[in-house]
Amino acid sequence: MKTEPVVPANIAFDAAGQAHAPDFGDCYHPPIGAFEQAQHVFLGGNGLPGRWAGRGRFVVLETGFGLGNNFLATWAAWRDDPARCERLVFVSLERHPPRRADLEAAHRGSQRPELAAALLAAWPAAMPNLHPLAFDGGRVQLLLGFGDAAALLPELHLSADAIYLDGFAPVCNPAMWQPRLFQALGRLCRPGSTAATWSVARPVRDGLAAAGFDVQRVPGIGGKREISVARWAPRFVPPAPPRDAAAVPQARTAIVVGAGLAGAAVAQALAAQGLEVTVLERHARPAAETSGNPAGIFHGTVHADDGPHARLLRAGALLAARDYGALFEAGQVPGSARGLLRLDPGPVEAMRALAARQRLPADWVRPLDAAETAGLAGVDPGSPAWLYPGGGWCSPPKLAAHWLALPGVRFVGGVTVERVDRAGADWCVFDAAGTLLAQAPVLVLANASEAARLAAPWLPGGGWPLRRVRGQVSAWTGPRPPLQLPLAGGGYALPGPDGGVVFGATSQAGDEDTALRESDHADNLAKLARLTGLVPPADALAWPGRVGWRLVAEDKLPIIGALPAAVPEHRAEQPRRWPRHAGLFVCTALGSRGLTLAPLAGRLVAAMATSAPWPLEQDLADAVDPARWLARARRLGRG
């Protein structure tokens, strides 16, 4: 999917505080009030709150987030309902999201100020992404999509229970009411899904009917004589995509193999969906391999073409900053999300031009000249840099340990999974002696290169193009250096969690030497000097370092998703069309970006396993899909 820069909304407030959209010649809600409209039209028109009673998960899809009043009203109704569903997922699209200041002004008189304040605190940067936000301990989830609804709807993977058709009037904003948009909505429904809108315009009703909805007019509110309500009841229901066959929504237990960042992230995400998760690890403690480095960095990246790598890393970094920031603030995990500087050879004028062309918001990233970089870094790299305000550093082993200690997760160390087999609806894992270690309907292989070995018997073609890359990281402890923010660019340096600096790392593909090497330490010291100009003081306690291996796929993208099954008889040229093993998933090859991608990877696997809305666009899910090489081979006539 080609992304377009996000243009924030142009909002004007009248003397009464009512929000207007001058560019569309319309107001954001009628004089009767935003909550009143939401309760009558969208909640009432979709039979809520009654329809979510007793449900494990209820999914609402909205076509225009606006100022968020429909979300807040729905959240409030969920909170106030003793028979509420266990989890409320609200997915909303907005081409022109409000700026934070405008959002704050719009909700100064909110009927639920505590909910409005929580939304404002979580409000994301105006970037063309899906932005997963969590409230009420994760039981209320808001998935915001910034961009054109017509482009984003085909990229969503979900089954909506209720649809809120909102947006400025069809005469003012016809793009939001096109037949193709209604057809895209129908693709995201299941029989019995409902929809509601304040509009009774004939093109709206005809468009819904053509998309398979049974449309009716019912009494309106606040001077609006009638509104439209609808139920999806098509004559023909297309079959679900083969990739959906991997989901096991009725599962209550899961196994994760591997207790590094990838495995721990998957485990906590599955537990958040209500599963009891057993994590098996061959070492006695979690994060004993590469994820055991004392500290690492997380941040996004800026590319001129904003291709899949940049979009994936941006999505991962935005989510990581939200997740980690809360843990750092609570003192649960060591780290900082106060910013990261990624050096760029510049010139800074070209960086600024790129930022302007892509309309990059300053709360996501901004270019700095060499003097600005030195002022923030506390050292002088002598180079311009991109400042990622939400980037930073974290302790991977402490993060993994925190995730594995959450409710619903059980860690079992000192066991090695040698073989995977199937017994009815369950996946079974065995050790070398043939002893059954665990069984469950959901199994996730997240143990780096060993995941590829365990998956090979179940994978057409037998494996993926992977390589192990050796890396040695170094550090010194002692007097606190002047370095204020992590620096990256051909290496990294960050203020150490125990004083000093953590820096590195080397990169040697195909090198299996486990021994620490003085030559690698010297190489890391050279990186440190280039990045910061720092030299370890004489009284510093030098730590010789740590060796680990990053697993990297041929295309440098991670491998996340359901394992493909037998070769289909029909042509399957896209990963999403390849048959899948039910309940068998993999999460590996995060490379050097484990801290950046782990929260997103975990949520994606958990959503795939439980039929929850995916937190990633379809085309990016295709880009990391375990079946992508099979699909490429088929396209080239080799499969």
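When a residue number appears, it is its place in the shown sequence, counting from 1.
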Enquirer: Going from CD1 on I297 to CG on L341, what distance comes out if it is rounded to the nearest 0.5 angstrom?
Expert: 11.0 Å

Enquirer: What heavy-atom pair brings P381 and L531 nearest, and what distance separates the two atoms?
Expert: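 Where P381 meets L531 most closely, the heavy atoms are CB-O, 3.2 Å.
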
Enquirer: Hey, could you give me the NE2/SG distance between H402 and C394, rounded to the nearest 0.5 Å?
Expert: 10.0 Å

Enquirer: Around E329, counting heavy atoms of other residues, nucleotides and ligands shown, do more than 12 lie under 6.0 Å from its CD?
Expert: no

Enquirer: Within the 4.5 Å heavy-atom criterion, are F585 and L445 side-chain neighbours or not?
Expert: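 Counting from C-beta outward, F585 and L445 never come under 4.5 Å.
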
Enquirer: Test V501 against W476 for side chain to side chain contact (heavy atoms under 4.5 Å, CB included), laying out the working first.
Expert: CA-CA 6 Å; V501 181; W476 92 64; 3.7 Å; yes

Enquirer: Hey, does the side chain of Q358 reach the backbone of A355 with a donor-acceptor pair shorter than 3.5 angstrom?
Expert: no

Enquirer: For the backbone of A448 and the side chain of T588, can you confirm whether one donor and one acceptor N or O come within less than 3.5 Å of each other?
Expert: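 Judged by distance alone, yes, a pair lies under 3.5 Å.
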
Enquirer: Would you kindly say whether D306 and T3 are connected by a side-chain donor-acceptor distance under 3.5 Å?
Expert: yes

Enquirer: Kindly say whether A288 contributes a backbone atom to a donor-acceptor pair with the side chain of H283 at under 3.5 angstrom?
Expert: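 Such a contact is absent between H283 side chain and A288 backbone.
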
Enquirer: Could you check if a side-chain atom of H157 sits within less than 4.5 angstrom of a side-chain atom of M608, using non-hydrogen atoms only?
Expert: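 Side chain of H157 against side chain of M608, heavy atoms only: no contact under 4.5 Å found.
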
Enquirer: Test side chain to side chain contact (heavy atoms under 4.5 Å, CB included) on L600 and L312 and set out the steps.
Expert: CA-CA 9 Å; L600 180 63; L312 181 70; 4.1 Å; yes

Enquirer: Working note: W75 + F90, criterion ring-ring contact (aromatic ring centres under 6.0 Å, His included); need CA distance, chi angles, decisive distance, verdict.
Expert: CA-CA 9 Å; W75 183 9; F90 196 101; over 10 Å; no

Enquirer: Please report the shortest heavy-atom distance between S507 and V469, naming the atom on each side.
Expert: OG-CG1, 3.3 Å

Enquirer: With side chains defined as the heavy atoms from C-beta onward, is the minimum distance between L620 and R311 less than 4.5 Å?
Expert: yes

Enquirer: What is the minimum heavy-atom distance between A562 and D625, and which atoms define it?
Expert: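 Heavy atoms of A562 and D625 come nearest at O-OD1, 4.4 Å.
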
Enquirer: Please assess R366 against L360 for the test side chain to side chain contact (heavy atoms under 4.5 Å, CB included), listing each intermediate value before the final yes or no.
Expert: CA-CA 7 Å; R366 63 179 184 266; L360 301 176; over 6 Å; no

Enquirer: What distance do T596 atom OG1 and L318 atom CG have between them, rounded to the nearest 0.5 Å?
Expert: 10.5 Å

Enquirer: Drop me the distance from Q472's CD to N293's CG, to the nearest 0.5 angstrom.
Expert: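 Spacing of CD (Q472) from CG (N293) equals 10.5 Å.
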
Enquirer: For the backbone of W464 and the side chain of W629, can you confirm whether one donor and one acceptor N or O come within less than 3.5 Å of each other?
Expert: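 Absent.
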
Enquirer: If you round to the nearest 0.5 Å, how far is CG of D619 from CG of L616?
Expert: 8.0 Å

Enquirer: Kindly indicate, with the supporting measurements, whether the criterion side chain to side chain contact (heavy atoms under 4.5 Å, CB included) is fulfilled by L156 and L130.
Expert: CA-CA 9 Å; L156 297 180; L130 296 182; 4.0 Å; yes

Enquirer: In this structure, are over 12 heavy atoms from other groups packed under 6.0 Å from R100 atom CZ?
Expert: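 For R100, atom CZ is crowded (more than 12 foreign heavy atoms under 6.0 Å).
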
Enquirer: Check H107 against N69 and note the closest heavy-atom contact, atom names and distance.
Expert: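 Minimum heavy-atom contact is CE1-OD1, 3.3 Å.
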
Enquirer: Could you tell me which non-hydrogen atom of L261 sits nearest to which non-hydrogen atom of G594, and how far apart they are?
Expert: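 It is CD1-C, 4.0 Å.
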
Enquirer: On a heavy-atom basis, which atom in L67 and which in A19 lie closest, and how many Å separate them?
Expert: CD1-CB, 3.7 Å

Enquirer: R632 and D555: salt bridge (charged side-chain N to carboxylate O under 4.0 Å, His left out), yes or no, with the steps?
Expert: CA-CA 12 Å; R632 289 170 192 167; D555 56 8; 3.1 Å; yes

Enquirer: Could you check whether any side-chain heavy atom of L327 comes within less than 4.5 Å of a side-chain heavy atom of L399, counting everything from C-beta outward?
Expert: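 Yes, their side chains come closer than 4.5 Å.
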
Enquirer: Scan for ring pair (Phe, Tyr, Trp, His ring centres under 6.0 Å) pairs involving residues 375-401, sequence neighbours excluded, and state none if there are none.
Expert: H299-Y388, W364-Y388

Enquirer: Say whether, by atom type as modelled, one donor and one acceptor occur between the side chain of S383 and the main chain of D344 under 3.5 angstrom.
Expert: yes

Enquirer: Less than 4.5 Å apart, side chain to side chain, heavy atoms only: is that true for Q508 and D520?
Expert: yes

Enquirer: From R603 CZ over to Q273 CD, what is the distance, rounded to the nearest 0.5 angstrom?
Expert: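 Here the rounded value is 9.5 Å.
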
Enquirer: Could you list all the ring pair (Phe, Tyr, Trp, His ring centres under 6.0 Å) pairs where at least one residue sits in residues 483-538, not counting sequence neighbours?
Expert: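 Non-adjacent pairs meeting ring pair (Phe, Tyr, Trp, His ring centres under 6.0 Å): zero.
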
Enquirer: Counting distance only, does the side-chain N/O of E450 pair as donor-acceptor with the main-chain N or O of N447 below 3.5 Å?
Expert: no

Enquirer: How would you list all residue pairs meeting salt bridge (Lys or Arg N to Asp or Glu O under 4.0 Å) that involve residues 500-511, not counting sequence neighbours?
Expert: D511-R517

Enquirer: Enumerate the residue pairs fulfilling salt bridge (Lys or Arg N to Asp or Glu O under 4.0 Å) with a member in residues 373-400, sequence neighbours excluded, ordered by first and then second residue.
Expert: none

Enquirer: Write out all pairs satisfying salt bridge (Lys or Arg N to Asp or Glu O under 4.0 Å) with one or both partners inside residues 126-141, taking only residues at least two apart or from two chains.
Expert: R79-D136

Enquirer: Answer yes or no: is there a side-chain heavy-atom contact under 4.5 Å between P124 and L133?
Expert: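 Touching, per the 4.5 Å side-chain cut-off.
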
Enquirer: Taking ring-ring contact (aromatic ring centres under 6.0 Å, His included) as the definition, give me every residue that meets it alongside F298, ordered by chain and number, with sequence neighbours left out.
Expert: Y324

Enquirer: Is there side-chain contact between L604 and P615, with at least one heavy-atom pair below 4.5 Å?
Expert: yes

Enquirer: Check the pair F65, W123 against ring-ring contact (aromatic ring centres under 6.0 Å, His included), reporting the backbone distance first and the verdict last.
Expert: CA-CA 12 Å; F65 187 77; W123 192 244; 5.7 Å; yes

Enquirer: Without hydrogens or angle criteria, can the side chains of R314 and N129 be said to hold a donor-acceptor pair below 3.5 Å?
Expert: yes

Enquirer: Less than 4.0 Å between a side-chain N and a carboxylate O, is that true for E512 and R470?
Expert: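 The answer is no: the pair does not qualify as a salt bridge.
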
Enquirer: Any non-hydrogen side-chain atom of W403 less than 4.5 Å from a side-chain atom of P599?
Expert: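 They are in contact (side-chain heavy atoms under 4.5 Å apart), so the answer is yes.
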
